[in-house]
Amino acid sequence: KPDARYSDLMRPTGLESDVFKFHLRRLIKQGIVEKLGVGTYALTAAGKELANRFDYPAGVAVRQPKMTTITILRREQGDGHEYLFHRRSRNPYYGYWGVLGGAVAWGESFEAAAQRGVRLRTGLDVQDLRLSGYYRQRDFDKRTGVVLEDKLFVVYIADIFTGQLVEETDLGTNRWRTLEDIMGEAKYFLACIDMIHRADGPLYSLEN
């Protein structure tokens, strides 16, 4: 129903009035339900969004893959390219080399998230973001097979950027390096190498 009276809401729960009132007040305080002026109750915008992604048989909100961006910055070097790699100085994956990432905030465009992620980690401003494709990666517990992390990357590539590169930050170390150079490291993200290999090709979608 678009809205309902207190008694109509309580009846299917089988709860006593005082108990139901406690839960209803909690829902109102959390911004999921609102009381209308005519003595009825309705879902708020946040409540409707929750209902939209709710798994009713399981009784929980649906978990979605983590959405983040990857930005591959490159420059010509000799007969090939160098890429701007970032070594993490924080957990998880402390000490791993990879390309530049940036989580997508609620309501933020992918392009804005990518530009913000690069600026935060390097001090550079990207001028020509070009969508390369999408890359999904799932990490499993080797013993149980349970999914530990589910990530969907929106991958961009860029050759034009401005500003002064900050090589050392609280988040990590930034260096221009070749693929061969990085692959000689003990700790690097294989998925990032795969993304770079595919970056100049057509749009793609790959699941690991």
Original post:
Could you state the interatomic distance from CG (Leu73) to CG (Leu84), rounded to the nearest 0.5 Å?
Top reply: 5.5 Å
Original post:
Do you know which two heavy atoms are closest between Leu36 and Ala42, and how far apart they sit?
Top reply: CD1-CB, 4.0 Å
Original post:
What residues, two or more places apart in sequence or in another chain, satisfy side-chain contact (heavy atoms from CB on, under 4.5 Å) together with Asp139?
Top reply: Tyr93, Gln137, Glu149, Lys151
**OP:** Applying side-chain contact (heavy atoms from CB on, under 4.5 Å), name anything that partners Leu120, two or more places apart in sequence or on another chain.
**Re:** Leu171
**OP:** Could you tell me how the ring of Tyr83 sits relative to the ring of His81: parallel (under 30°), tilted (30 to 60°) or perpendicular (over 60°)?
**Re:** tilted
**OP:** Kindly state each residue pair satisfying salt bridge (charged side-chain N to carboxylate O under 4.0 Å, His left out) with at least one member in residues 9-33, sequence neighbours excluded.
**Re:** Asp8-Arg11
Subject >> Of Val126, Ile70, Asp128, Leu129, the residue whose pairing with Tyr156 passes side-chain contact (heavy atoms from CB on, under 4.5 Å) >> reply: Leu129
Original post:
Looking only at heavy atoms, what is the nearest atom pair of Ala112 and Ser109, with distance?
Top reply: N-OG, 3.1 Å
**OP:** Would you name the heavy atoms of Arg53 and Ala61 that are closest together and state the gap between them?
**Re:** NH1-CB, 3.3 Å
Original post:
Per the side chain to side chain donor-acceptor pair (under 3.5 Å) rule, which among Glu185, Gln77, Glu82 passes with Arg177?
Top reply: Glu185
Subject >> Thr68 side chain to Gly102 backbone, donor-acceptor under 3.5 Å >> reply: yes
Subject >> Qualifying salt bridge (charged side-chain N to carboxylate O under 4.0 Å, His left out) pairs with a residue from residues 92-108, counting only residues at least two apart or across chains >> reply: Glu108-Arg116
**OP:** Look up atom OG1 in Thr69 and atom CD in Glu111, then write down how far apart they are to the nearest 0.5 Å.
**Re:** 9.5 Å
Original post:
Looking at CZ of Phe85 and CD1 of Ile196, how far apart are the two atoms once the value is rounded to the nearest 0.5 Å?
Top reply: 3.5 Å
**OP:** Look up atom CG in Asp141 and atom CG in Leu148, then write down how far apart they are to the nearest 0.5 Å.
**Re:** 5.0 Å
**OP:** Can you see which heavy atom on Met195 is nearest to which on Phe153, and at what distance?
**Re:** CE-CD1, 3.6 Å
Original post:
How far apart are the closest heavy atoms of Val104 and Phe110, and which atoms are they?
Top reply: CG2-CD2, 4.0 Å
**OP:** Calculate, to the nearest 0.5 Å, the distance between atoms CG and CZ belonging to Leu165 and Arg175 respectively.
**Re:** 8.5 Å
**OP:** Answer yes or no: does atom CG of Asp170 have more than 12 heavy-atom neighbours from other residues, nucleotides or ligands under 6.0 Å?
**Re:** no
Original post:
Does any N or O in the side chain of Asn174 come within less than 3.5 Å of the main-chain N or O of Arg121, such that one atom is a donor and the other an acceptor?
Top reply: yes
**OP:** Start with the C-alpha gap between Asp125 and Gln115, add the side-chain angles, then the distance that decides, and say whether side-chain contact (heavy atoms from CB on, under 4.5 Å) holds.
**Re:** CA-CA 7 Å; Asp125 289 305; Gln115 290 170 326; over 6 Å; no
Original post:
Taking only residues two or more places apart in sequence or in another chain, which ones pass side chain to side chain donor-acceptor pair (under 3.5 Å) with Glu167?
Top reply: none
Subject >> Under 4.5 Å side-chain linkage, directly or through intermediates, the cluster mates of Phe54 >> reply: Tyr6, Leu9, Met10, Leu15, Val19, Phe20, Leu24, Leu27, Ile28, Ile32, Val33, Tyr41, Leu43, Leu50, Tyr56
**OP:** For the pair Arg90 (side chain) and Gly172 (backbone), establish whether a donor and an acceptor sit closer than 3.5 Å, ignoring hydrogens and angles.
**Re:** no
Original post:
Is the shortest distance from a Lys or Arg side-chain nitrogen in Arg138 or Asp150 to a carboxylate oxygen in the other one below 4.0 Å?
Top reply: no
Original post:
Any chain of hydrophobic side-chain contacts (each under 4.5 Å) joining Val155 to Leu190?
Top reply: yes
**OP:** Evaluate the side-chain proximity of Leu179 to His197: yes if any heavy-atom separation is below 4.5 Å, no if none is.
**Re:** yes
Original post:
For Tyr188 and Ile182, which heavy atoms make the closest approach, and how far apart are they?
Top reply: CD2-O, 3.6 Å
Original post:
CZ of Phe189 to OH of Tyr96: how many Å apart, nearest 0.5 Å?
Top reply: 7.0 Å
Original post:
Just by modelled atom types, is the Val118 backbone N or O under 3.5 Å from a matching donor or acceptor in the Thr122 side chain?
Top reply: yes
Original post:
Can you find a side-chain donor-acceptor pair between Glu168 and Thr173 that sits under 3.5 Å?
Top reply: yes
